[in-house]
Amino acid sequence: DIVGSSSSIVENKVKEIDDIIKDILNLSGDTFYSIKEISLGVDEISKSVSFFTEMTSENADTVTSLNNEISTFKTLQ
């Protein structure tokens, strides 16, 4: 019977659509968490760069200070 066949086809298609929507939602969730992890990684890199910049500046100040101290010594030639 045509109505029964059509109903069965519609049921199958609805199930396929439902499965696809579930897959899309799962993928969307995975993508969300991946982006969150990338964001945390970028934040950690940013903190590391800031720390490195601060240490480089301190190192430059130390070198300048050492050069000033060294220049006070007289050397024999």
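Remark: side-chain polar atoms of S57 are not paired, donor with acceptor, to backbone N or O of E54 under 3.5 angstrom. Judged by distance alone, the side chain of S39 and the main-chain N or O of I35 form no donor-acceptor pair under 3.5 Å. Checking side-chain atoms of S46 against main-chain N and O of V42 turns up no donor-acceptor pair under 3.5 Å. Using a distance-only test at 3.5 Å, with no hydrogens or angles considered, no donor-acceptor pair links the side chain of S65 to the main chain of D61.
Atom-to-atom distance recorded for T72:OG1 and N67:CG is 11.0 Å, nearest 0.5 angstrom. Atoms OG and CG, from S71 and L66 in turn, are 11.0 Å apart once rounded to the nearest 0.5 Å. A distance of 10.5 Å separates OG1 of T31 from CG of N26, quoted to the nearest 0.5 Å. Within the model, atoms OG of S34 and CG of L27 stand 9.0 Å from one another, a figure rounded to the nearest 0.5 Å.
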When you look at F51 and M55, which way does the side chain to side chain contact (heavy atoms under 4.5 Å, CB included) test go after all the steps?
CA-CA 6 Å; F51 178 76; M55 292 296 104; 3.6 Å; yes

Given side chain to side chain contact (heavy atoms under 4.5 Å, CB included), test S7 with E11 step by step and report yes or no.
CA-CA 6 Å; S7 176; E11 249 180 61; 4.2 Å; yes

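The side-chain contact (heavy atoms from CB on, under 4.5 Å) test with I17 is passed by exactly one of V14, I21, I20: I21.
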